[in-house]
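Working notes for the structure below.
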Amino acid sequence: MKTVPTTPFDDQKPGTSGLRKQVTKFQQPGYLENFVQSIFDSVPELSGGTLVVGGDGRFFNDRAIQTILSMAAANGVKKALVGQAGFLSTPAASCVIRKYGAAGGFILSASHNPGGPSGDFGIKFNGQNGGPVVESVTDKIYARSLEIDAYKISDNPPVNLDTLGTHQINGMRIEIINSVTDYANLMEGLFDFDAIRNMFQSGFEICFDAMHAITGPYAKEIFVNRLGAPSESLMNAVPLPDFGGGHPDPGPTYAKDLFSKMFNGDMPDFGACSDGDGDRNIVLGKQVYVSPSDSLAILTANAHLVKAYAKGISGVARSMPTSRAADRVAEKLGVECFETPTGWKFFGNLLDAERITLCGEESAGAGSDHVREKDGLWAILMWLNIVAVSGKSVEDILHGHWQEYGRNYYSRHDYEGVEKSKAEAVMDRVAHQLDTLPGQTFKGETVLKADSFAYTDPIDGSVSKNQGMRVEFESGSRFVLRLSGTGTVGATLRLYLENYTPPTGDLHADVQTSLSSLRDIADEIANIKSILGRSEPSVIS
Ligand code: G1P
Ligand code: ZN
């Protein structure tokens, strides 16, 4: 064991429990070590406790795990549970932390960002509830990272991660565990696997695209081995360090083959994909794509059909920019609905306090109280379970939902890689108008209220300010502007547009057309195009 001198580290973003950067940064001596030591120094329970380690299999995953294990041993961790081959999806890591009472876990992933030597790498730390640690802990980690002057590491030879078994380094026990079993067992306990199996047996066809990322082995065990789907139901099911050169972002741009299968020719009944680390999902039916905001609302409305939620749900939460489709369902069910800042960590306290059962974000994440992360395969199984017991197709469920609740037309426009000062200028421009906007009319829409979203956690009272600008109109339309916290190049400005059509209106209009007037109003107020010098967003979802 040795103590290695280092210099303070100013790359950690305050308010986050993770670090996502180019692989080349992580390869710099001491870089990963500084971040990991800042966590060991800020979370004393790790010493003498159990630590979970695993990642999405991207390039540098195995190297990072060896470093973390050597540092864990030197920092007094008693036991480390490591997914075989270094694999653990984000929700599976959350499941393992909770199941084995671990003090926390390191999850190695940069979500959907490209992998490989010239791609990105990431690391995040989750606490003992299995979720991203709360801000009081991230603040400590950040403060520590600014003053750190040494890290501790043992000089053991590399551990064989590929074979199940146990090892010992510096008095720390290491168990290489099956990456899939605990998670698959959890899913089997939540859902009616018999009903889904029968549906598959009677010819219902699915297509799941793992995009050469972590969900391949999980999908194989769950869909093929346990539910009896033919193995041809899976696409790109072998995890690769560079994701086969792809970009495991669940959506039409990167899951092109899946989308084309679901929109042309002899379509399967059900399509789905997940992202790099398995926490996000997209569900499709024949020639339909379910928007994540609608998916959250539909899962909320139909949760009672699913074994684990048959008694009803206690409440639902969505991130602020997510469409308000779920709010309508909560109102009808008579359960609480929370609007939280962007980021999964804000759901943790509500889930722990049993104030909510389900939660989700517009960025294709949904989850429940079964773990403390969003969970891609969970959401897909929720859908399959609902389809199996209702006997309705994805298309019918989606359209039936709009007919009952009306439709929240919704879209996110991302301006990526813009200069930080310009992105901030857009935000400032709106900030300066917050007091004067209410009452003003733009293209026939009168502003009802405008604010900078601040959130007071109902459980611990902590306050998070500046979580995005909201401008809401009397018609119920609104737009939201915020700066991304996850981009790795320059700044990303996100514009979220939403309007509402009641069941009696046109429920099948083109989304962008329906939102175009609101988009112009947002531009008039925020001056996005001219400040950024961009006529179009980089990505529309
Ligand atoms: C993005 C998503 C957000 C999600 C986060 C982490 O954050 O918008 O919903 O929680 O990634 O996966 P952003 O880049 O918008 O800060
Ligand atoms: Zn992810």
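For ligands, and for the atoms within them, numbers begin at 1 and follow the listed sequence.
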Please find out if less than 6.0 Å separates the ring center of F243 from that of H212.
-> no

Can you tell me the angle formed at the Zn ion (ligand 2) by OD1 of D277 and OG of S111, to 10°?
-> 110°

Contact between R412 and ligand 1, counting heavy atoms under 4.0 Å?
-> yes

Is any side-chain N of the basic residue among D249 and R280 closer than 4.0 Å to the acidic one's carboxylate O?
-> yes

Quick one: are the ring centres of F259 and Y289 less than 6.0 Å apart?
-> yes

What's the atom name of the N, O or S in D279 nearest to the Zn ion (ligand 2)?
-> OD1

Is E361 close to ligand 1, meaning an N/O of one under 3.5 Å from an N/O of the other?
-> yes

Can the ring centres of Y183 and Y218 be said to be less than 6.0 Å apart?
-> yes

Looking at D275, pick out the N, O or S atom nearest to the Zn ion (ligand 2) and give its name.
-> OD2

Closest protein heavy atom to atom 6 (C) of ligand 1, given as residue, atom name and distance to 0.1 Å = K374 NZ, 3.7 Å

Among protein heavy atoms, which sits nearest to atom 11 (O) of ligand 1, and what does the distance come to when rounded to 0.1 Å?
-> T486 CG2, 3.6 Å

Between CG of D369 and OG of S314, what distance do you get to the nearest 0.5 Å?
-> 7.0 Å

Distance filter under 4.0 Å to T342 heavy atoms, resulting ligand 1 atoms | 3 (C), 9 (O)

Could you check atom 2 (C) of ligand 1 against the protein and tell me its nearest heavy-atom contact, residue, atom and distance included?
-> S363 OG, 3.5 Å

Can the ring centres of F223 and F208 be said to be less than 6.0 Å apart?
-> yes

Does ligand 1 have an atom that lies less than 4.0 angstrom from a heavy atom of R280?
-> no

Against heavy atoms of G343, which atoms of ligand 1 measure under 4.0 Å?
-> 10 (O)

Are R318 and F347 in a cation-pi contact, defined as NZ or CZ under 6.0 Å from the six-membered ring centre and within 45° of the axis?
-> no

Give yes if a backbone or side-chain nitrogen or oxygen of L483 is under 3.5 Å from a nitrogen or oxygen of ligand 1, and no if not.
-> no

Any N/O of W344 closer than 3.5 Å to an N/O of ligand 1?
-> no

For atom 16 (O) of ligand 1, which protein heavy atom lies nearest, and how many Å away is it?
-> G485 N, 2.6 Å

Give yes or no for whether the N/O distance cutoff of 3.5 Å, strictly under, is met between R482 and ligand 1.
-> yes

